[in-house]
Undergrad: 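This is the structure, below, for whatever I ask next.
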2 protein chains.
Amino acid sequence: MLTQSIQQLKNHKIRVTPQRQIILTYLVTHHNHPSVETIYQDLETQLPNLSLATVYNTLKLFVDLGIVIELQNGDAGTHYDFFGRPHYHVVCENCGKITDVFEPDLSSVEVKAAEISGYLVTGHNMEVYGLCPDCQKALGVTQPSDLKRLNLNLSHSE
Amino acid sequence: MLTQSIQQLKNHKIRVTPQRQIILTYLVTHHNHPSVETIYQDLETQLPNLSLATVYNTLKLFVDLGIVIELQNGDAGTHYDFFGRPHYHVVCENCGKITDVFEPDLSSVEVKAAEISGYLVTGHNMEVYGLCPDCQKALGVTQPSDLKRLNLNLSHSE
DNA sequence: TTTACTGCAAACTATTTGCAACTCA
DNA sequence: TGAGTTGCAAATAGTTTGCAGTAAA
């Protein structure tokens, strides 16, 4: 997984620097959908002189290569996820937690979209919104109709 | 369509100001996925004193109500789309064009995601990436393998 | 050796906020 | 009437960039 991604860098004649290796390793081994700031802080012991700009540049590079994808969860910054196996995300509209979901396979949607739109399709990104189990408990929500009495900034809750 | 949305504002006891009506009308009648700046400029003749902050605030309000959704197409700002009927988007990774697609219905994915994740699901957002017909022509791309020789910042193109 | 990369700080820019004036209900 | 809304300007904050020094290949 890591080796493959490093090979991918080499294939593109992109230098494999310690910073890139360490950031990539971090992403491969952490499935917590970190923000730039989180990555920066978590790596400061390993790479004391690491620059925030380098984290930005590196993530952008990985995104362009398709190794990593960008996610938004409603808070300020952008979050990142190693995309070794196709999947999509469910985002909690209350706490911002992001959960990976590996089913169903949505590649058929790409085919359908290509047919209808005439685009040459290269990929997709699916985000499902809702309330995570913890927030459901904390807020006393057990069914969709309960959402109506909440003052949350929940989209789609009419 | 417009009337329904205005009724929705009233239901939420949100004031129907001229700014809100005009911005809403603009969104209902324009399917060009405008940015904040585009909306602001297009409305300056109708509302000479309109503030950019008001456009931001109004759009945020509409998004929170689920009337409008936010989109990213790779350029700096955020784009907006009146969401009167569920659909998703195909985004051109070269020129940033956004195209609406109304099939297939993806509500089954919400059900599946809810089952797997335990979330109480309230909505979803699907984005498909690719090259629009115009850019395919302009770039001389006719099949997926042609993407490899391009120097575009296309994700997923390995 | 050489060219790409890093780190730092400054610059940039999309978005938010404070507040006084205003206005819809 | 008065609570919610607008407009303006200033503030904020995430991200990018310029450049000199550094290091991977």
Side-chain angles (χ1 to χ4, degrees), chain A residues 5-24 26 33-41 43-65 67-80 96 151 153, chain B residues 5-24 26 33-41 43-65 67-80 96 151 153:
Chain A
S5 302
I6 288 178
Q7 190 55 49
Q8 209 172 332
L9 292 179
K10 289 180 181 168
N11 291 346
H12 285 265
K13 305 205 195 321
I14 291 168
R15 287 194 188 157
V16 181
T17 64
Q19 288 85 344
R20 287 175 180 169
Q21 284 194 62
I22 288 172
I23 292 172
L24 188 53
Y26 179 88
H33 311 95
S35 65
V36 173
E37 199 58 41
T38 302
I39 296 169
Y40 179 63
Q41 284 171 11
L43 295 182
E44 70 180 351
T45 54
Q46 273 185 77
L47 285 171
N49 293 321
L50 178 64
S51 164
L52 200 52
T54 301
V55 180
Y56 275 107
N57 292 336
T58 303
L59 289 170
K60 184 173 186 172
L61 178 75
F62 291 166
V63 169
D64 286 347
L65 290 171
I67 295 174
V68 157
I69 62 168
E70 294 185 333
L71 300 169
Q72 308 293 337
N73 73 340
D75 69 12
T78 303
H79 295 253
Y80 293 85
N151 286 327
N153 276 342
Chain B
S5 303
I6 288 178
Q7 191 55 50
Q8 210 171 330
L9 291 179
K10 289 179 181 169
N11 291 346
H12 284 266
K13 304 204 195 319
I14 291 168
R15 287 199 188 150
V16 181
T17 63
Q19 289 85 344
R20 286 174 181 167
Q21 285 195 61
I22 289 172
I23 293 172
L24 188 53
Y26 180 89
H33 311 96
S35 65
V36 173
E37 198 59 41
T38 302
I39 295 169
Y40 179 64
Q41 285 172 9
L43 295 181
E44 71 178 351
T45 54
Q46 272 186 77
L47 285 172
N49 293 322
L50 179 64
S51 163
L52 200 53
T54 300
V55 180
Y56 274 107
N57 291 336
T58 303
L59 289 170
K60 184 174 186 170
L61 178 76
F62 292 166
V63 169
D64 285 347
L65 290 171
I67 295 176
V68 156
I69 61 169
E70 295 186 331
L71 300 169
Q72 308 292 337
N73 74 339
D75 69 13
T78 302
H79 296 251
Y80 293 85
N151 287 328
N153 277 342

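Residue numbering restarts at 1 for every chain, and letters A, B, ... go by the order of the sequence lines. Scope of the values below: all heavy atoms of this structure, side chains included, with no hydrogens, waters or symmetry mates. Everything numeric here is computed off the predicted structure, so don't read it as measured data.
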Undergrad: Under 4.0 Å from any atom of DNA chain D, heavy atoms only: list the residues of residues 13-23 of chain B that qualify, in numerical order.
TA: B:I14, B:R15, B:T17, B:Q19, B:R20
Undergrad: If you assign B:N57 and A:S51 each to the DNA chain C nucleotide with the nearest heavy atom, which residue ends up on the more 5' nucleotide?
TA: A:S51
Undergrad: Can you tell me the distance, in whole Å, between the CG atom of A:L59 and the P atom of D:dT15?
TA: 10 Å
Undergrad: Find the distance B:L50:CG to D:dT6:C1' and express it as a whole number of Å.
TA: 9 Å
Undergrad: Output all residues satisfying side-chain contact (heavy atoms from CB on, under 4.5 Å) with B:K13, sequence neighbours left out; order by chain, then residue number.
TA: none
Undergrad: Restricting to side-chain contact (heavy atoms from CB on, under 4.5 Å), what partner residues turn up for B:E44, sequence neighbours left out?
TA: none
Undergrad: What residues, two or more places apart in sequence or in another chain, satisfy ring-ring contact (aromatic ring centres under 6.0 Å, His included) together with A:H33?
TA: A:H89
Undergrad: Who pairs with A:Q21 by side chain to side chain donor-acceptor pair (under 3.5 Å), at least two apart in sequence or on another chain?
TA: none
Undergrad: To the nearest 0.5 angstrom, please state how far the CD1 atom of A:I22 sits from the CD1 atom of A:I39.
TA: 13.0 Å
Undergrad: Can you name the residues that form a side-chain contact (heavy atoms from CB on, under 4.5 Å) with A:T38, not counting sequence neighbours?
TA: A:Y26, A:P34, A:S35, A:D42
Undergrad: Could you tell me the separation between the CG atom of B:L71 and the OH atom of B:Y80, rounded to the nearest 0.5 Å?
TA: 9.5 Å
Undergrad: Considering the terminal five base pairs at each end of the helix from C:dT1-D:dA25 to C:dA25-D:dT1, what angle separates the two local helix axes, rounded to 10°?
TA: 50°
Undergrad: If the condition is side-chain contact (heavy atoms from CB on, under 4.5 Å), which residues does B:I14 pass it with, not counting sequence neighbours?
TA: B:L9, B:H12, B:R20, B:L61, B:L65
Undergrad: Looking at A:Y56, I'd like to know whether one of its side-chain N or O atoms comes within less than 4.0 Å of OP1 or OP2 on D:dT15.
TA: yes
Undergrad: Specify the closest pair of heavy atoms between A:G96 and A:N73, including all atoms of both residues, with the distance to one decimal.
TA: O-ND2, 2.6 Å
Undergrad: Mind calculating the distance between NE2 (B:H12) and P (D:dT5) to the nearest angstrom?
TA: 13 Å
Undergrad: Just how far, in rounded Å, is P of D:dC8 from CG of B:L52?
TA: 11 Å
Undergrad: With a 4.0 Å heavy-atom cut-off, tell me which residues in residues 72-79 of chain B come close to DNA chain C, sorted by residue number.
TA: B:A76, B:T78
Undergrad: Measuring from atom CD of B:Q72 to atom NE2 of B:H79, what distance do you get when rounded to the nearest 0.5 angstrom?
TA: 7.5 Å
Undergrad: What are the 5'-most and 3'-most nucleotides of DNA chain C lying under 4.0 Å from any heavy atom of chain B?
TA: C:dA14 to C:dA25
Undergrad: Show me, pair by pair, the donor-acceptor contacts under 3.5 angstrom made by side chains of residues 48-59 of chain A, not counting sequence neighbours?
TA:
unit_1: A:S51; atom_1: OG; unit_2: A:A53; atom_2: N; d: 3.1
unit_1: A:N57; atom_1: ND2; unit_2: A:A53; atom_2: O; d: 3.2
unit_1: A:T58; atom_1: OG1; unit_2: A:T54; atom_2: O; d: 2.6

